[in-house]
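I have placed the structure first, in the form of structure tokens, so that the comments after it can refer back to it.
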Amino acid sequence: MTENTQQRPTGAHGEPADLPTQYAPAEVEGKLYERWVERGYFEADAASEKPPFTVVIPPPNVTGSLHLGHAFEHTLIDALTRRKRMQGYETLWQPGMDHAGIATQNVVERELAKEGKSRHDLGREAFVERVWQWKAESGGQISGQMRRLGDGVAWSRERFTMDEGLSKAVQTIFKRLYDDGLIYRAERIINWCPRCLTAISDIEVEYADQDGELVSIRYGEGEDSLVVATTRAETMLGDTAVAVHPEDERYAHLVGRHIKLPLTDRSIPVVADEHVDPEFGTGAVKVTPAHDPNDFEIGRRHGLPSLTVMDDHAVITVPGPFQGQDRLEARSAIVGALRAEGRIVAEKRPYSHSVGHCSRCKTTIEPRLSLQWWVKTGPLAKAAGDAVRDGRVAIHPKEMESRYFAWVDNLHDWCISRQLWWGHRIPVWYGPGGEVVCVGPDEEPPSGEGWHQDTDVLDTWFSSGLWPFSTLGWPEKTESLEKFYPNSVLVTGYDILFFWVARMMMFGLYAMDGTPPFHTIALHGMVRDQFGKKMSKSFGNAVNPLDWMDRYGSDALRFTLARGANPGVDVPIGEDWVQASRNFANKVWNATRFALMNGATVEGPLPDAAEMSAADRWILSRLNTVVAETDAYYDDYQFAKLAEGLYHFAWDEVFDWYVELSKTTFFAGGRAAEVSGRVLGEVLDVLLRLLHPIVPFVTETLWTTLTGGESLVIADWPKDSGFRDAAAEAELAAVQQAVTEVRRFRADQGLQPGQRVPARLTLDGTQLVAHEVAMRSLLRLQPAGEGFSATASLPVAGAVVELDLSGAIDFEAERKRLNKDLAAAEKELKQTTAKLGNEGFLAKAPDHVVEKIRERQGAAEADISRIRQQLERLPQG
RNA sequence: GGGCGCAUAGCUCAGCGGUAGAGCGCUUCCCUUACAAGGAAGAUGUCACAGGUUCGAUCCCUGUUGCGCCCACCA
């Protein structure tokens, strides 16, 4: 706030303006948001007659606070729903949060560790209680941030994935899948995190190239020996075979025989298996069925036993010298022992290979045989793929479809059980006699001696996969479910296409009898810093959206994010850009302020076009074009383009040209001022509506002041009235060109912008004829009085502007400028002439292109003769 | 190893067959009574490289180079 704020400017009508000279977001945002919520604007009525529009929030993890990426996503969703609400839809933006099993458990465990405790010190029940406490705190933080952002969500419908209703949904679908044979329990190789002490699914493993060492080890003795290579030497303790290719002659004599496994007293068979690539390494592979997925398969094909050699913490359990050693420790100890026996045949060599890490804690994954629960994905994934293939669900941008297909078409079964405490407990009970009972939501679990529930919980994505309908009350047949399913669109980041989107597709289609959970998937990119680098806390470039909202306002942040939102493309964002958006908000503010002080109004019908000035008709014509363009961009999720389009229309056309051109009209008063006042009121009214979904706060403040309306949130979305005026658009283009040319000339002459110069304008018969007053005002041209002597003559748009620059003119600068213009015009003439002389061009180019080139040629010729004349007239020296 | 994408002004990115655009930054002038968070004027690009198609290519095709991302049970 500057001191200007106190100085209330006085309007043309002598009334004080109600608005300060600068927009102060902090003073309006909070109040407006609370008002919107109190009035229930964001609530969704399932009984409404209006057509529904539904979007769910991608539920943020309760683990913390929202980052810039959330702010980005929320801006897009909020803009979509606000527009639909204005269009007359019954809109539901469903809020809520995800319990985020493993992530949240890890966070709370870290908190406990600060107190020197582990979850085991508390016990399961107390620990879970502790997590609920944590959820209460950070959940509040998240909804606070959403309010600051202006998210128009239906707060009364807020859901949490561990709510009673959602838990019921989880049990219901588990039971159905189980009964349909799509959930089963099996012992397989899983990804084990020795730090989190749980199994995780395939997509929760992040692979990174890592330098390891490939060691070559001789198995067996003398003639009955061969060499295998490995990067995980410790697993040899669990080897139960060596495999070679069936047609590999080098090893044909060994197949079916047993060879001695070093460091043990075991002998293992040599088996022939197609999986082995004879070209790779020695063509012989050690087989550890309990610790490698390939080996597990080989083992199954050949009936080999599986020997688990490590415990949950990846510590060796095999009795002997290595027992109790960690896997890495054991690795080097075993290599050492083998070397001592002379079994390392080639020196170990550096080897770069891909190693899996836990996506939550980055610990190296240990593949391991384990009894877990699985979803049989085959039929579910097929349905999920087909829904996109046959067009029932569209993915934006379309390029992302190939990723989606690649995933759903090659999906392995999904390991859903987690050895955690925080999450949905698996609804399966085991009896004393080995009975297994899956318990539905309304069923009593079996009781009695020896019965116990499975101790594992479900993968967190199991419950988020139900989000589009569990939040609406499913499995109950609620009014809301009827009204708001399927969702209209899903807006989320391409990074969770597999984790979340594909799972919602599978579950939605399954649970809702083949109705996909949404019609459209709009994928956005990731927010990056101003140099395009990934934002991360550890790198120090992460931004708390609250900081920028505090400094520049929520609208500025939202506008910046929307403006960067090209579909599926990452969004770099820097503080400079937020400043630019803040400046834009302020510009809109001040333009509206000016309009209010000069009689802009929305009262009464629009005047007849016959009464309007060319400028009035021009800006209304453009306004309607912009309405149509904005709609098209919205429908195509082109946020960047619509924000950019509105920015330039507002600033360049309305503020810099229309308002400036109309100032003389406004200041002169009379009927013309009334007409333009009504037109300006109309333009701002529509512009503010168009901008509102992206920048709700500043537009609400200005619009209610301008129109006296209740709220933009529930106002009508503008429609293209169909009004177009090509003649007025052409006329105003000529005016703009003329003004710019004269200004450039003045600047070239070194005249100060404010310096008044006598001038004679000869505009008769040109498009400029009606604009003399405005041109004189914009160009600071005085009337040609006594003793006027034209020292410069500028032909523009068929008219002539003569200036008396006696005393001010710089002839050298003028000569230089003219020569430059001449060169440019000559080049243009040469180019266009060459083009028009090209027969191929004339034959094949479309008419409008040829016409355009002709025009350019004509203009160039005219320019050249004009400039030559002017150069001749210039006094020498 | 597969697949996708990107290379355009100092930076971050739009454009995608017909004389190169935006924001920020930069230069000059201006506190012109809506706005200095502003106004006016301006400079800046072998549109990665090499071929090809075309009357015409930043835009289409092929290849090269350099990046980025996703997928993959490469011992």
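Letters go in sequence order (proteins before strands), and every chain restarts at 1.
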Practice item. Would you mind classifying the nucleic acid contact of A/A284 as base, sugar-phosphate or nothing, using non-hydrogen atoms under 4.0 angstrom? Key: base

Check your understanding: A/K398 near the nucleic acid: base, sugar-phosphate alone, or nothing, with a heavy-atom cut-off under 4.0 Å?
Key -> nothing

Practice item. Output yes when a side-chain donor or acceptor of A/R776 lies under 3.5 Å from a complementary backbone atom of A/A759, and no otherwise. Key: yes

Practice item. Scan residues 577-600 of chain A for pairs that pass ring pair (Phe, Tyr, Trp, His ring centres under 6.0 Å), counting only residues two or more places apart or in two chains. Key: A/Y23-A/W589, A/F559-A/F584, A/F584-A/Y647

**Study point:** Side chains of A/Q857 and A/T833, donor plus acceptor under 3.5 Å
**Key:** yes

Review point. Starting at the 5' end of RNA chain B and moving along, which residue's nearest nucleotide shows up first, A/F594 or A/T282?
Key: A/F594

Review point. When rounded to the nearest Å, what value does the distance between P atoms of B/U53 and B/G5 take?
Key: 25 Å

Practice item. Indicate, yes or no, whether a donor-acceptor pair under 3.5 Å links the base of B/A41 to the side chain of A/R744. Key: no

Short N/O separations, protein against nucleotides 30-32 of chain B, under 3.5 angstrom:
unit_1: B/C30; atom_1: OP1; unit_2: A/Q752; atom_2: NE2; d: 3.2

Practice item. Considering only atom P, compute the distance from B/G39 to B/C31 and round it to an integer number of Å. Key: 16 Å

**Study point:** Gap between atoms CG and P, on A/L778 and B/A40 respectively (whole Å)
**Key:** 10 Å

Review point. Going by atom types only, do A/T740 and A/Q737 share a side-chain donor-acceptor pair under 3.5 Å?
Key: no

Study note, to complete from the structure: Assert: residue with more 5' nearest nucleotide on RNA chain B, out of A/K286 and A/A747, is A/A747

Review point. Looking only at atom C1', what distance separates B/C55 and B/A22, rounded to whole Å?
Key: 32 Å

Exercise for review: Measure the distance from CG on A/L751 to P on B/G42 and round it to the nearest whole Å.
Suggested key: 15 Å

Exercise for review: Quote, to the nearest angstrom, the C1' distance that separates B/A20 from B/G15.
Suggested key: 9 Å

Check your understanding: Where the side chain of A/N838 is concerned, which of B/C55, B/C35, B/C70 is the nearest nucleotide?
Key -> B/C55

Exercise for review: May I have the distance from A/L661 (atom CG) to B/A40 (atom C1'), rounded to whole angstrom?
Suggested key: 14 Å

Point to revise | Paired and unpaired positions of RNA chain B as dot-bracket, Watson-Crick or G-U wobble under 3.5 Å, | denoting a partner strand | key: ((((((((.[[[[.)..(..]]]].(((((.......))))).....[[[[[..)....]]]]])))))))....

Review point. Is the closest basic N to carboxylate O distance between A/K398 and A/E401 below 4.0 Å?
Key: yes

Point to revise | Phosphate OP1/OP2 of B/A72 contacted by A/S354 side-chain N/O (<4.0 Å) | key: no

Check your understanding: Of the residues in residues 199-210 of chain A, which ones touch RNA chain B at a heavy-atom distance under 4.0 Å?
Key -> none

Review point. Mind checking the P distance from B/G56 to B/U19? Whole angstroms is fine.
Key: 16 Å

Practice item. Run the salt-bridge test on A/R551 and A/E575 with the 4.0 Å N-O cut-off and return the result as yes or no. Key: yes

Point to revise | Distance, C1' atom - from B/C16 to B/C6, rounded to whole angstrom | key: 14 Å

Study note, to complete from the structure: In whole angstroms, the gap separating C1' of B/A75 from CD1 of A/I268 amounts to 14 Å

Review point. Do side-chain atoms of A/W657 reach the backbone of A/Q736 as a donor and acceptor pair under 3.5 angstrom?
Key: no

Review point. Starting at OH of A/Y494 and ending at P of B/C70, how long is that distance when rounded to a whole Å?
Key: 7 Å

Exercise for review: Write down the distance separating the P atoms in B/G17 and B/G1, rounded off to the nearest Å.
Suggested key: 35 Å

Point to revise | Touch class at under 4.0 angstrom, heavy-atom based, for A/V659 against every strand present | key: base

Practice item. Check whether any side-chain heavy atom of A/Y251 lies under 4.5 Å from a side-chain heavy atom of A/T282, and answer yes or no. Key: yes

Check your understanding: Are any of the side-chain nitrogens in A/E861 or A/R856 under 4.0 Å away from the carboxylate oxygens of its partner?
Key -> no

Review point. Any sub-3.5 Å donor-acceptor pair from A/T288's side-chain atoms to A/A290's backbone N or O?
Key: no

Study note, to complete from the structure: Atom CH2 of A/W651 and atom C1' of B/A34 are separated, to the nearest Å, by 13 Å

Exercise for review: Tell me what A/T592 touches on the nucleic acid: a base, only sugar-phosphate, or nothing, going by heavy atoms under 4.0 Å.
Suggested key: nothing

**Study point:** Lys/Arg N to Asp/Glu carboxylate O, A/E660 vs A/K663, below 4.0 Å
**Key:** yes

Exercise for review: Can you tell me the distance, in whole Å, between the CG atom of A/D495 and the P atom of B/G5?
Suggested key: 19 Å

Review point. So, does the side chain of A/Q22 form a donor-acceptor pair with the base of B/A36 at under 3.5 Å?
Key: no

Review point. Does the gap between the ring centers of A/H524 and A/Y494 come in under 6.0 Å?
Key: no

Practice item. Using ring pair (Phe, Tyr, Trp, His ring centres under 6.0 Å) as the criterion, list what pairs up with A/F697, not counting sequence neighbours. Key: A/W36

Exercise for review: Can you check each nucleotide of nucleotides 11-26 of chain B against protein heavy atoms at under 4.0 Å and return B for base, S for sugar-phosphate only, - for none, in 5' to 3' order?
Suggested key: -SSSS--BB--SBS--

Point to revise | Check: A/Q579/A/Y552 side-chain N/O donor and acceptor closer than 3.5 Å | key: yes

Check your understanding: Ion pair present between A/K852 and A/E855, side-chain N to carboxylate O less than 4.0 angstrom?
Key -> no

Review point. Applying the ring pair (Phe, Tyr, Trp, His ring centres under 6.0 Å) test to A/F498, which of A/W414, A/W407, A/F405 qualifies?
Key: A/W407

Check your understanding: At under 4.0 Å between heavy atoms, what does A/R743 touch on the DNA or RNA strands: base, sugar-phosphate, or nothing?
Key -> sugar-phosphate

Check your understanding: Using the P atom in both, what is the distance from B/C13 to B/U27, to the nearest Å?
Key -> 25 Å

Practice item. Round to the nearest Å and state the distance from A/F498 atom CZ to B/C69 atom P. Key: 15 Å

Check your understanding: Is A/D292 touching bases, backbone alone, or none of the nucleic acid, heavy atoms closer than 4.0 Å?
Key -> nothing

